[in-house]
Amino acid sequence: MKFTLEHTDASSRARAGRMTTDHGEILTPIFMPVGTAASVKGIFHRDLKEDARAQIILANTYHLYLRPGMEVIEQAGGVHRFSTWDRPMLTDSGGFQVFSLAERRKLSDEGCRFSSHIDGSRHLFTPESVIDTERTIGADIMMAFDECPDGRAERDYAAKSLELTHRWLGRCFEQYARTQPKYGHSQSLFPIVQGCTYPDLRARSAEFVQQFGADGYAIGGLAVGEPAEVMYSMIEIVNDILPTDRPRYLMGVGTPINILEGIARGVDMFDCVMPTRNGRNGMLFTMNGVINIRNEKWRTDFSPIDPEGTSFVDTLYSKAYLRHLNIAGEMLAAQIASLHNVAFYLDLVSRARNHIFAGDFTQWKEQMVVRLSQRL
RNA sequence: GGGAGAAUUCCAGAGUGGCCAAAUGGGACAGACUGUAAAUCUGCUGGCAACGCCUUCGGUGGUUCGAAUCCAUCUUCUCCCA
């Protein structure tokens, strides 16, 4: 994978770049829709590509490992062929599940023993086994196996956790070096910077991860309970240290405003379940703020969902109709809202990229933050 | 024509003397959601000057310190027999 930095904003740390993978190019800054089980919930690949213009999507190692299992993925010829998504993909390592399914796991130096959320069966993830699994899945970008502590973790815990993540990281890269891609396209491995909300730990982690000379670097463990301002300052600390000629990926973030603030601080890649999950739950993101489509005020509002939206659903359907579908529990409501939101996120980062080139990113961002924080 | 039963807060439906402004569902309304155990979860749903007070359980009138609950009567509905 190659990354070309095309332009750096004069009044912020924002960057525009281009990533080249064996499955195509990615223009940064970019938002990556989350497709945990090799499916962006509720959206056809056709619409993801042609309507929302998604350039890369995520899948999750933990979920695919449990179901359908590696035997199926391998026989299918990897996740691209299995899912028919022929553009770049990234797999998260399962590190986040070690955090979000905390009651079901036991951490040790060796790895993480956990019981499946599906059937309770017991499993062991180690840095080595996760790399093997990610090789079998076959995404263009693989994430290192890390521990993602709570954003409010005590310093002692955060420091110990960071040491564990760093030890695991070394083992991930050793296994990465020992193994080969299985499906004829190359795979990059991104390390993940941790360190909770402690500036010195973050700085230490950002220094540490560089020894691997990776194709890109991720910032993990943010937007997990800490205030947004703290998250922003952690991003600043880390991005001051990470190399400028590699993409930086802020994992799991976030709201549209979080993303703009991340871009302003030099982040190139984002992913978040928010557009799809919140969409299923009736929340629509627009350039003028968020809409709760379930609210009574939309009951007889027959205006388009989002006149400024880029998706075909935005002008085809009315707010009143979408509200009706959502309240009636129709699955089409989830599909429309998910597609709208994903298209919105991608439009937002695309506009950000344009403003970076145009040189007015900061001004534009400040205006957008005000608009985006409204509730309609 | 005769007999039996039922009427509860938006709906369904508990409650059969005080712990009842009234269980539970549903609906309505509002909120949450950040590397997806989420098409999920939470709150709220008589009124008010609101840690208390007022009005409410088909209508009216009683019994009782106290009634959604007991009695009388009226109204409406359902079922059974002709």
Side-chain angles (χ1 to χ4, degrees), chain A residues 31-43 56-64 66-67 89-105 114-121 130 134 139 141-151 165 190-194 218-228 231-232 249-259 261-262 267 269-285 290 292-299 323 325-338 341 345 375:
Chain A
F31 176 77
M32 308 182 282
V34 177
T36 304
S39 152
V40 177
K41 295 185 192 301
I43 308 182
I56 171 173
I57 63 173
L58 260 68
N60 192 293
T61 302
Y62 167 87
H63 297 264
L64 294 177
L66 289 178
R67 187 167 60 192
M89 283 188 87
L90 179 152
T91 37
D92 186 27
S93 62
F96 186 72
Q97 280 62 47
V98 172
F99 160 66
S100 64
L101 304 174
E103 323 79 62
R104 312 177 70 92
R105 52 80 163 160
F114 62 91
S115 58
S116 159
H117 72 276
I118 298 166
D119 63 2
S121 55
V130 165
E134 293 193 270
I141 299 171
M142 311 189 289
M143 300 308 300
F145 188 52
D146 65 336
E147 194 208 345
C148 175
D150 189 278
T165 287
F190 283 19
I192 302 171
V193 172
Q194 288 288 352
I219 307 170
L222 292 176
V224 282
E226 82 288 355
M231 170 169 78
Y232 298 149
Y249 163 28
L250 178 58
M251 304 186 75
V253 175
T255 66
I257 290 173
N258 291 161
I259 287 174
E261 296 295 356
V267 176
M269 304 161 70
F270 302 85
D271 80 281
C272 191
V273 303
M274 204 172 265
T276 43
R277 180 190 287 167
N278 289 30
R280 288 196 300 280
N281 295 330
M283 184 170 178
L284 304 179
F285 295 92
V290 297
N292 182 345
I293 200 64
R294 289 193 298 237
N295 286 173
E296 188 173 27
K297 66 211 266 190
W298 311 117
R299 194 168 66 89
R323 170 183 145 87
L325 293 177
N326 180 289
I327 286 175
E330 288 293 324
M331 63 173 113
L332 184 58
Q335 295 177 269
I336 292 171
S338 297
N341 281 343
Y345 267 65
R375 292 190 74 99

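The sequence lines fix the lettering, A, B, ..., with proteins before strands; numbering per chain opens at 1.
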Value in whole Å for how far the P atom of B/G35 lies from NE2 of A/His63 = 10 Å
Between A/Tyr62 and A/Met274, name the one whose nearest nucleotide on RNA chain B is closer to the 5' end.
-> A/Met274
Now, which nucleotide makes the Watson-Crick or G-U wobble pair with B/A21, with each of the two distances under 3.5 Å?
-> none
Checking all strands, does A/Gly95 fall into the base, sugar-phosphate, or nothing category for heavy-atom contacts under 4.0 angstrom?
-> nothing
C1' atom, B/C65 versus B/G17: distance in rounded Å?
-> 12 Å
Mate of B/A14 across any strand shown (Watson-Crick or G-U wobble, both atom pairs under 3.5 Å) is none
Between A/Asn258 and A/Tyr232, does any side-chain donor sit less than 3.5 Å from a side-chain acceptor?
-> yes
Testing B/A30, B/A37, B/G35 for proximity to the side chain of A/Val34, the answer is B/G35
B/C10 to B/A28 separation - C1' atoms, rounded to the nearest Å | 8 Å
Quick one: label A/Asn258 by what it contacts on the DNA or RNA (base, sugar-phosphate, nothing), any heavy atom closer than 4.0 Å.
-> base
Could you give the distance separating B/G2 and B/C48 at their P atoms, to the nearest angstrom?
-> 49 Å
Just do the side-chain contact (heavy atoms from CB on, under 4.5 Å) check on A/His63 and A/His117 with the steps written out, would you?
-> CA-CA 9 Å; A/His63 297 264; A/His117 72 276; 4.0 Å; yes
Within this structure, what is the CZ-to-C1' distance between A/Phe99 and B/U36, rounded to whole angstrom?
-> 13 Å
In the strands shown, is B/U76 matched to any nucleotide by a Watson-Crick or G-U wobble pair with both distances under 3.5 Å, and which?
-> B/A6
Touch check for A/Glu226, heavy atoms < 4.0 angstrom, all strands: base, sugar-phosphate only, or nothing?
-> nothing
NA contact type, A/Glu330, heavy-atom cut-off 4.0 Å: base, sugar-phosphate, or nothing?
-> nothing
For B/A67, which nucleotide is its Watson-Crick or G-U wobble mate, given both distances must be under 3.5 Å?
-> none
Partner set under salt bridge (Lys or Arg N to Asp or Glu O under 4.0 Å) for A/Glu261, not counting sequence neighbours = A/Arg265, A/Lys365
Checking B/A37, B/G35, B/C33 against the side chain of A/Asn278 (C-beta onward), the nearest is B/C33
What is the distance from CE of A/Met251 to P of B/G35, rounded to the nearest Å?
-> 10 Å
Using purine N1 to pyrimidine N3 plus N6-O4 or O6-N4 for Watson-Crick, or N1-O2 and O6-N3 for G-U wobble, both under 3.5 Å, which nucleotide pairs with B/G46?
-> B/C54
Side chain A/Thr276 and base B/U36 donor-acceptor under 3.5 Å = yes
Below 4.5 Å, heavy atoms only, C-beta onward: do A/Asp271 and A/Pro33 meet side chain to side chain?
-> no
Between A/Gln97 and B/A37, is there a side-chain N or O to OP1/OP2 distance below 4.0 Å?
-> yes
Touch class at under 4.0 angstrom, heavy-atom based, for A/Arg105 against every strand present = nothing
Decide yes or no for A/Tyr249 and A/Ile219: does some side-chain heavy atom of the first lie under 4.5 Å from some side-chain heavy atom of the second?
-> no
Under 3.5 Å, is there an N or O donor on one side and an acceptor on the other linking the side chain of A/Asp146 and the base of B/G35?
-> yes
Taking atom C1' in both B/G27 and B/G59, compute the distance separating them and give it to the nearest angstrom.
-> 29 Å
Inter-nucleotide C1' distance (B/C33, B/U78), Å rounded = 48 Å
State the pairing partner of B/U34; accept Watson-Crick or G-U wobble contacts with both distances under 3.5 Å, and report none otherwise.
-> none
From the list B/A38, B/G31, B/G35, which nucleotide is the closest neighbour of the side chain of A/Arg375?
-> B/G31
Classify the side-chain pair A/Asn341/A/Ser338 by whether it contains a donor and acceptor separated by less than 3.5 Å.
-> no
Tell me what A/Ile118 touches on the nucleic acid: a base, only sugar-phosphate, or nothing, going by heavy atoms under 4.0 Å.
-> nothing
When you compare B/A68 with B/C57, how far apart are their P atoms, in angstrom units rounded to a whole number?
-> 8 Å
OP1, OP2 of B/C29 versus side-chain N and O of A/Asn295: anything below 4.0 Å?
-> no
Side chains of A/Thr165 and A/Gln194: is there a donor and an acceptor less than 3.5 Å apart?
-> no
Value in whole Å for how far the P atom of B/G35 lies from CZ of A/Phe190 | 18 Å
For B/C44 and B/A30, measure between their P atoms and round to the nearest Å.
-> 16 Å
Minimum-distance nucleotide (side-chain atoms of A/Met283 versus B/C33, B/G35, B/A37) = B/C33
Report yes if at least one side-chain N or O of A/Ser100 is closer than 4.0 Å to OP1 or OP2 of B/A37; otherwise report no.
-> yes
Does B/U34 have OP1 or OP2 sitting under 4.0 Å from an N or O in the side chain of A/Arg277?
-> yes
When the P atoms of B/U8 and B/C70 are considered, how many whole Å apart are they?
-> 15 Å
Could you check which of B/C29, B/U34, B/U36 has an atom nearest any side-chain atom of A/Thr36?
-> B/U36
Determine, for nucleotides 39-45 of chain B in 5'-to-3' order, which nucleotides have protein heavy atoms under 4.0 Å from the base (write B), from only the sugar-phosphate (write S), or from neither (write -).
-> SB-----
Protein-nucleotide distance (A/Ile141, atom CD1; B/G35, atom P), rounded to Å = 17 Å
Could you tell me the separation between the CZ atom of A/Phe270 and the C1' atom of B/G35, rounded to a whole number of Å?
-> 13 Å
Touch class at under 4.0 angstrom, heavy-atom based, for A/Leu90 against every strand present = nothing
Whole-Å distance, A/Met143 CE to B/G35 P, equals 13 Å
Closest non-hydrogen atom pair between A/Ser115 and A/Tyr62, with its separation = O-OH, 4.3 Å
Any idea how A/Tyr345 and A/Phe285 line up, ring-wise: parallel (<30°), tilted (30 to 60°), or perpendicular (>60°)?
-> perpendicular
For B/G1, which nucleotide in any strand shown is its Watson-Crick or wobble partner with both distances under 3.5 Å?
-> B/C81
Calculate the interatomic distance between A/Ile327 atom CD1 and B/A28 atom C1'; express it in whole Å.
-> 9 Å
